[in-house]
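Structure, as structure tokens:
Note that this is a predicted model, so its numbers are computed, not measured.
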Amino acid sequence: EAVALTAATEGVNSDINFTFNGTNADMADDLTVTAATVDGDINIISNDADVVVTSIVANGDGNVTLTTTDAGDDDDGDVTITLIAAVDEMIQVDAAGSINAAAIDDDKELMADEVDLDAVDGIGETSRIDMEDVTAVDADTTLAGAASINLTNEGDDDITIVGLNSDVDGFQTVGADGVAADITFAQTGDGAVDVAGAIATNVEGSIDISVEMNQLMVNADIEALTATNDGTIDLDANSVWDNEMGDIIIGGATIGSQLG
């Protein structure tokens, strides 16, 4: 049975800070979160437990930070999201397991100005993470295995793929020999995409970046490094509309895969 956090604050600068220790709550219990603020940050830490986010909404000038740990190496620390919103501010999720949407649909899971996602396992791998009106995004996985990244963003403003919170890279996966950790990102709406932080599949995996109605600017390296020589890079600008705005602009960057 999951442990539930239901929290709401009112007024100005009213933050929510909550730490859950799964090892102190029957060990098998997960944390289900519903939280909202009028004007404040939401900071949640879950130790040795998975987290199911029903709704986290930080209104006003509030940021959202969600962290999971897995000290016992028990495959805890997964994050499943229905909705996290921090409009005009930042969402940061750091998971000891995976980060996935609660359902495979077109509903938006993340709404913020900036989104920083870090996971040991995949991000949107089993259920894609859909974002809305994000202008800067950073996503990285560290598992030496099938830990892919699959993200979309819908917005009329441009979005930058860039390192956030001291990270220097944009999208990074590891993979393993013969086990791909692919990177897939699709921008819909009128916004362009600027690759300002490096994108790489460091052992095995392919890269697919698409822009529906505008241009793709590549100002950092994009590399699909593979052990089995089957990694590919697919860059697609203006993939839907024939409006003569589908340029791919490469400025001082290297694009390369082991297939050439």
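Grouping the Ile, Leu, Val, Met, Phe, Trp and Tyr side chains by contacts below 4.5 angstrom, directly or via other members, places Val79 apart from Val120. With hydrophobic clusters built from ILVMFWY side chains whose heavy atoms lie under 4.5 angstrom apart, Leu5 shares a cluster with Ile81. Under the 4.5 Å side-chain heavy-atom criterion for Ile, Leu, Val, Met, Phe, Trp and Tyr, Phe18 and Val33 are members of the same hydrophobic cluster. Note on Phe20 and Ile42: same hydrophobic cluster, where clusters join Ile, Leu, Val, Met, Phe, Trp and Tyr whose side-chain heavy atoms are under 4.5 Å apart, directly or indirectly. Under a hydrophobic clustering in which Ile, Leu, Val, Met, Phe, Trp and Tyr are joined whenever their side-chain heavy atoms come within less than 4.5 Å, directly or via other members, Val93 and Ile159 fall into the same cluster.
Atom CG in Leu31 sits 7.0 Å away from atom CD1 in Ile44 (nearest 0.5 Å). In this structure, the separation between CD1 on Ile84 and CD1 on Ile91 is 5.5 Å, given to the nearest 0.5 Å. Of the inter-residue distances, the one linking Asn63 atom CG with Asp41 atom CG reads 5.0 Å to the nearest 0.5 angstrom. Note that the CG atom of Leu151 and the CD atom of Glu109 stand 10.0 Å from one another [nearest 0.5 Å]. Rounded to the nearest 0.5 angstrom, Ile199 CD1 and Ile209 CD1 are separated by 4.0 Å. Annotation: the span from Met90 atom CE to Asn165 atom CG amounts to 4.5 Å, rounded to 0.5 Å.
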Side chains of residues 166-174: which donor-acceptor pairs under 3.5 Å do they make with residues two or more places apart or in other chains?
unit_1, atom_1, unit_2, atom_2, d
Asp167, OD1, Asp169, N, 3.2
Gln172, OE1, Asn202, ND2, 2.9
Gln172, NE2, Ala198, O, 3.3
Thr173, OG1, Ala181, O, 2.7

Which donor-acceptor pairs under 3.5 Å do the side chains of residues 131-139 make with protein atoms, sequence neighbours left out?
unit_1, atom_1, unit_2, atom_2, d
Thr135, OG1, Asp113, O, 3.1
Thr135, OG1, Asp113, OD1, 2.7
Asp138, OD2, Leu164, N, 3.0

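Two residues are said to be in side-chain contact when any heavy atoms from C-beta on lie closer than 4.5 Å; Leu216 and Val218 meet this criterion. Two residues are said to be in side-chain contact when any heavy atoms from C-beta on lie closer than 4.5 Å; Asp182 and Asp208 fail this criterion. Within the 4.5 Å cutoff, no side-chain heavy atoms of Thr68 are placed close to those of Asp76.
Remark: side-chain polar atoms of Ser127 are paired, donor with acceptor, to backbone N or O of Ala101 under 3.5 angstrom. Of the possible polar contacts, one joining the Thr141 side chain to the Ala147 backbone as a donor-acceptor pair under 3.5 Å is found. In terms of modelled atom types and a separation under 3.5 Å, the side chain of Ser46 and the main chain of Val51 share no donor-acceptor contact. Within the 3.5 Å criterion, the main-chain N or O of Thr37 finds a donor-acceptor partner in the side chain of Asn59. Judged purely by atom type and a 3.5 angstrom limit, Asn21 has no side-chain atom pairing as donor or acceptor with the backbone of Asn47. Side-chain atoms of Asp50 come within 3.5 Å of backbone atoms of Asp78 as a donor-acceptor pair (strictly under, hydrogens ignored). Formation of a donor-acceptor pair under 3.5 Å by the Asp70 side chain with backbone atoms of Asp48 is not found in this model. Ser206 places a side-chain N or O within 3.5 Å of a backbone atom of Thr232 that can act as its donor or acceptor partner. The closest donor-acceptor contact from the side chain of Asp30 to the backbone of Ala49 lies at 3.5 Å or more, if one exists at all. Between the side chain of Asp39 and the backbone N or O of Gly60, no donor-acceptor pair lies under 3.5 Å.
Enclosure of atom CG in Asp88 is not indicated, since only 12 or fewer non-hydrogen atoms of other residues, nucleotides or ligands lie within 6.0 angstrom.
Taking Glu154 as the reference, Lys108 meet the salt bridge (Lys or Arg N to Asp or Glu O under 4.0 Å) condition, with sequence neighbours excluded. Partners of Asp121 by side chain to side chain donor-acceptor pair (under 3.5 Å), not counting sequence neighbours: none found. Every residue two or more places apart in sequence or in another chain that forms a salt bridge (Lys or Arg N to Asp or Glu O under 4.0 Å) with Asp130 is listed here: Arg128.
In the hydrophobic clustering, where aliphatic and aromatic side chains (Ile, Leu, Val, Met, Phe, Trp, Tyr) are joined below 4.5 Å either directly or transitively, Leu83 groups with Val57, Met111.
Taking all atoms of both residues into account, the shortest heavy-atom contact from Ala144 to Ala176 is O-CB, 3.7 Å. Smallest separation of non-hydrogen atoms from Glu204 and Gly178: OE1-N, 3.6 Å. Between Gly62 and Ala86, the shortest heavy-atom contact is O-CB, 3.5 Å. Nearest heavy-atom pair across Ala220 and Gly197 is CB-C, 3.5 Å. Taking each heavy atom of Ala35 and Ile16 in turn, the nearest pair found is CB-CD1, 4.1 Å. What you find for Ala200 and Ile207 is that their closest heavy atoms are CA-CD1, 4.3 Å.
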Worksheet item: Given Gln92 and Asp116, is the side-chain contact (heavy atoms from CB on, under 4.5 Å) satisfied, shown in steps?
Response: CA-CA 5 Å; Gln92 184 174 3; Asp116 185 4; 3.9 Å; yes

Item to complete: Please report the C-alpha distance between Thr67 and Asp94 in whole Å, then the side-chain angles of each, then the deciding distance to 0.1 Å, and finally whether the side-chain hydrogen bond (donor to acceptor under 3.5 Å, both in side chains) criterion is met.
Response: CA-CA 5 Å; Thr67 304; Asp94 189 347; 5.4 Å; no

Practice prompt. Could you give me the CA-CA distance, side-chain angles and deciding distance for Val38 and Thr9, then say whether side-chain contact (heavy atoms from CB on, under 4.5 Å) is met?
Written response: CA-CA 6 Å; Val38 172; Thr9 65; 5.6 Å; no

Worksheet item: Stepwise, does the side-chain hydrogen bond (donor to acceptor under 3.5 Å, both in side chains) test hold for Asn43 with Asp15?
Response: CA-CA 8 Å; Asn43 304 295; Asp15 298 339; 5.4 Å; no

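When each of Asp236, Val193, Leu235 is tested with Val211 by the rule side chain to side chain contact (heavy atoms under 4.5 Å, CB included), just one qualifies, namely Val193.
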